[in-house]
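Below you'll find the structure, written out as structure tokens, and then a few comments.
Note that ligands are numbered from 1 as they come in the structure, with each ligand's atoms numbered from 1 the same way.
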Amino acid sequence: MRCLTDRVLVIGLGLIGGSLASALRSHRICRTVIGYDRDSEEMATGLRLGIIDVAAEDLLMEAAQADVIVLAVPVKAIESVLAELLPVLRTETIITDVGSVKGNVVKSAKALFGEVPPRFIPGHPIAGSEKSGITAADATLFEHHKVILTPLPQSDREAVTLIARMWQTVGAEVLQMDVARHDEVLAATSHLPHLLAFSLVDTLAREQDCTEIFRYAAGGFRDFTRVAASDPTMWHDIGLANKSAILQKIDEFSAGVQRLRDAIETEESQAMLGIFTRAKAAREHFSKILSGSAYTQNMKIKDATFFAQPGGQVQGTIRVPGDKSISHRSIMLGSLADGTTEVTGFLEGEDSLATLQAFRDMGVVIEGPHQGAVKIYGVGIHGLRQPPGPIYVGNSGTTIRLLSGLLAGQAFDSELSGDASLSKRPMERVAKPLRLMGAQVETGENGCPPVKIKGGQALQAIRYEMPMASAQVKSCVMLAGLYAAGETRVIEPAPTRDHTERMLRGFGYAVDVAGNQVSLSGGGSLQATKIDVPADISSATFFMVAAAISPDSDITLEHVGINPTRIGVINILRAMGSHLELLNEREVGGEPVADIRIRYAPLKGIHIPEDQVPLAIDEFPALFIAAVCAEGETVLTGAEELRVKESDRIQAMVDGLKILGADIEGTPDGAIIRGSEMGGGVIESHDDHRIAMSFAIASLRAKGVIEIHECANVATSFPNFVELAQQVGIRVRKEEK
Ligand code: NAP
């Protein structure tokens, strides 16, 4: 590789200076690395260990000839070193530093030069350790770490680029930041924790029986205080150099400790749990950011392929993951209720977790989720607090639309935003009725997120005839209706999922349902309840169809939600002749639930009644497999919506089934499927989880191996699909790339 420059002079051969010098040499970034330290021993060691090419006998002479000078001395020493160099510095020489505080370095440069020279580029590697001195130098120290450069408006672009490339070449990721922001951020994330560690160890060490205390200290103490072994002079300098930002963070921290102290003193469990659960959730979220797997990176999940061996049957009793719609609403209504709501079977998917985080941001104490268990300490209908910033809902359309209604009735202003794909989805459909109620709602470009809501508006009930059938719009208006004066009434053009009205009733709120009209009056309250979130009937469908098509099968699916707006699959399978029983029917939080037992019986083709189509819309990919395994012809009509789901599901199923040799024809609004044999083949699922799972169960009746591509998204709705499938006898395995 061509060298970036000729002579680099590193002043201060300690941990950072030594590590950089060593990395510069090993990556051949410059022709000569010259090292200088006031301690000649350090220079001798640098030469001996091959960290530098040349030890600077005469600092000023070397500085006069250097192309780049790196100041790697303690922050407080930077000004005096610069002052010493001043008389010999050439204007073309690029200077940079590695100091942990940037404001004071810039101030020193201004004081000495009158203005910060354009080729002085302040920098700070976010890498290091509690060790110091050249013997701790490590050429790999900066790999996969960040380096923050804080150039100024007058900074020379070429100089910024060269310093950035120098750090990138030694393996670092380079970011740029404003000087003041750098010092503020570092005060919080680095300086405060170091100072706390020093202070904690010092406090404990003063106690009389400190030897005893330290002897019994466990891993937590060691982790927390590791950095108290850092260099005292360096931290003395940092403490003074970043004084005002650090003092502010110490004050904020002291106030936080005081809140915790008060909560402990007064034995306020809820306040204590609030602090701990919020911190735990934030720490987990930060861990994801630190490991690069936070929300924004989720789409980069590994590619997965399913391989399904032909034949077999299904046997056993299983419970599939919880219903997403009910998981969302259990958090929302539990938060608004009086008392503590306990939820089990909560679906720990990204979408419902976004709802959970939103309510934490609004001051609700929520414990969990831990293996599907969540405990919500309701704050009452008027108890939400203004979130500290915009509420980020990731990819969850349900969260943003339902919360819009709820937030329209709050006393505080709020803003809802989401990821790139959610930011393209229409929000005016909820904003319009909310405005009719007197809410002040603003949507972004083209009526998409972000949604900004002005609090403190007196909402009036409305009678709203929905222009399109949408459970989200209906729910949004009803949730706003909780805060409106009078009776809010929503009229649907066609039936949609009714989880909100059922669950409101489950929480003790009076909701009137008559035909296609739903109404409620504002001003009531919700009572906490217990919710064992029913298993999702859409996920259960794959196993229902699996048992329905494979001889000798007998499977029981426990605790499945059988909301009347979702049970099309049960009605259709029964009409096709399948042996399906609903056992142990009961109600949970307003939602009907049953165990579903399904045993093999030969299926026959039917014309699927169009009134069942909206009630089974997500279940058709699996029902297509059932139709191929039935005798005679199955005709589906009135299902054009299938073409605009995660994939064009009609096309994806027709293409895949044809590859397996099935007799199927697609039509604009459905398909004609004739009972036929299936062989093996390679199927594209088009990243559509339901297509992937449908072809996995098709293997039970196939004559050859089915290989299904792009199955990673199965994890978003049904994380343990492969494990449960294997458990009941489907011979499918997953390979991840
Ligand atoms: P270090 O290991 O103590 O090294 C500093 C070196 O600079 C020592 O060899 C010291 O010599 C020398 N030095 C001090 N004053 C000098 C002067 N006036 N002229 C010439 N040499 C002088 O410290 P470090 O950890 O490398 O820190 C260096 C800089 O990096 C600091 O500004 C620090 O804020 C920054 N930094 C440190 C870390 C970290 O984790 N350690 C991380 C990022 C940035 P003596 O031994 O004789 O004092």
Side-chain angles (χ1 to χ4, degrees), residues 9-23 34-47 49 51-52 55-60 62-63 66 69-86 95-109 112 122-143 145-150 167 170 172 174-175 177 182-183 185-187 189-191 193-195 197-198 226-242 246:
L9 168 63
V10 179
I11 302 178
L13 292 179
L15 170 71
I16 301 293
S19 299
L20 179 61
S22 183
I34 305 125
Y36 174 78
D37 199 282
R38 61 180 182 181
D39 180 350
S40 57
E41 276 296 306
E42 297 287 84
M43 291 198 280
T45 309
L47 274 178
L49 297 178
I51 289 172
I52 53 173
E57 299 293 335
D58 181 341
L59 173 64
L60 296 187
E62 292 295 352
I69 298 176
V70 182
L71 304 171
V73 296
V75 278
K76 279 288 197 186
I78 289 178
E79 183 165 344
S80 62
V81 173
L82 268 181
E84 200 180 339
L85 303 183
L86 192 60
I95 310 170
T96 187
D97 75 305
V98 297
S100 307
V101 182
K102 299 275 57 87
N104 76 308
V105 173
V106 167
K107 207 165 132 205
S108 302
L112 288 168
H124 176 203
I126 313 291
S129 76
E130 65 281 12
K131 301 192 189 116
S132 52
I134 195 156
T135 45
D138 171 6
T140 63
L141 185 68
F142 309 108
E143 286 176 13
H145 282 82
K146 294 188 172 64
V147 169
I148 301 175
L149 300 184
T150 59
W167 284 113
V170 302
V174 176
L175 310 171
M177 220 183 247
H182 168 278
D183 288 357
V185 168
L186 269 290
T189 55
S190 167
H191 307 167
H194 276 85
L195 300 176
F198 281 123
R226 177 180 61 79
V227 292
S230 303
D231 183 45
T233 316
M234 174 171 141
W235 284 99
H236 162 269
D237 286 8
I238 292 173
L240 296 180
N242 201 20
I246 289 176

Mind checking the CG-CG spacing from L85 to L59? Nearest 0.5 Å is all I need. 5.5 Å
Which heavy atom of the protein is the closest neighbour of atom 3 (O) of ligand 1, given with residue, atom name and distance? S132 CB, 3.8 Å
Using a 4.0 Å cut-off to any heavy atom of H124, which atoms of ligand 1 qualify? 43 (C), 44 (C)
Given S190, S80, G133, which one has a non-hydrogen atom that is nearest to atom 2 (O) of ligand 1? G133
Considering the options V101, V75, D237, which one meets the side chain to side chain contact (heavy atoms under 4.5 Å, CB included) requirement together with N242? V101
Using protein heavy atoms only, decide if any is under 4.0 Å from atom 23 (O) of ligand 1. no
When you measure from atom 5 (C) of ligand 1 to each heavy atom in G18, S100, A72, G17, which option holds the nearest one? A72
Out of all atoms in ligand 1, which are within 4.0 Å of some heavy atom of V75? Include the element for each. 32 (O)
Which protein heavy atom lies closest to atom 42 (C) of ligand 1, and at what distance to 0.1 Å? A127 O, 3.0 Å
Strictly below 4.0 Å, N to O, side chains only: are D231 and K131 in salt-bridge contact? no
Could you grab the distance from atom OG of S230 to atom CG of L15, nearest 0.5 Å is fine? 10.0 Å
So, S108 and E79: side-chain donor and acceptor under 3.5 Å apart, yes or no? yes
May I ask you to decide if E143's main-chain N or O and H145's side chain share a donor-acceptor pair within less than 3.5 Å? yes
Per-atom filter on ligand 1: closer than 4.0 angstrom to a heavy atom of E42 are 9 (O)
Atom pair CG (D97) and CD1 (I78), whose distance is rounded to the nearest 0.5 Å: 4.5 Å
How long is the span from the NE2 atom in H124 to the NZ atom in K102, to the nearest 0.5 Å? 7.0 Å
How close does the nearest protein non-hydrogen atom get to atom 31 (C) of ligand 1, and which residue and atom is it? V73 O, 3.3 Å
Distance to 0.1 Å, residue and atom name: give those for the protein heavy atom nearest to atom 26 (O) of ligand 1. I16 N, 2.8 Å
Is there a nitrogen or oxygen of L15 sitting under 3.5 Å from a nitrogen or oxygen of ligand 1? yes
H194 vs W235 aromatic rings, parallel, tilted or perpendicular, using cut-offs 30° and 60°? parallel
How many angstroms lie between atom CG of D37 and atom CD1 of I11, to the nearest 0.5 angstrom? 10.0 Å
Contact atoms of ligand 1, heavy-atom distance to S129 under 4.0 Å: 40 (O), 41 (N)
Hey, is ligand 1 close enough to R38 that some N/O pair sits below 3.5 Å? yes
protein heavy-atom neighbour closest to atom 8 (C) of ligand 1 works out as D37 OD2, 3.7 Å
Using a 4.0 Å cutoff against the non-hydrogen atoms of G99, which atoms of ligand 1 qualify? 32 (O)
List every atom of ligand 1 that sits less than 4.0 Å from any heavy atom of L13, numbering the atoms from 1 in the order shown and giving each element. 9 (O)
Taken to the nearest 0.5 Å, the spacing of W167 CH2 from L20 CG works out to 4.5 Å
Considering only protein heavy atoms, which is closest to atom 39 (C) of ligand 1, and at what distance to one decimal place? M234 CE, 3.5 Å
When you measure from atom 43 (C) of ligand 1 to each heavy atom in G128, G123, S40, P125, which option holds the nearest one? P125
heavy-atom search around atom 4 (O) of ligand 1 in the protein gives G14 CA, 3.1 Å
Students should be able to answer this: which protein heavy-atom is nearest to atom 30 (O) of ligand 1, and at what distance? V98 CG2, 3.4 Å
Given 3.5 Å as the limit, does a donor-acceptor pair link the side chain of S19 with the main chain of D138, or not? yes
Does the pair Y36 and M43 meet the rule for a side-chain contact (heavy atoms from CB on, under 4.5 Å), with working shown? CA-CA 6 Å; Y36 174 78; M43 291 198 280; 4.1 Å; yes
Is_contact(atom 46 (O) of ligand 1), protein non-hydrogen, under 4.0 Å: no
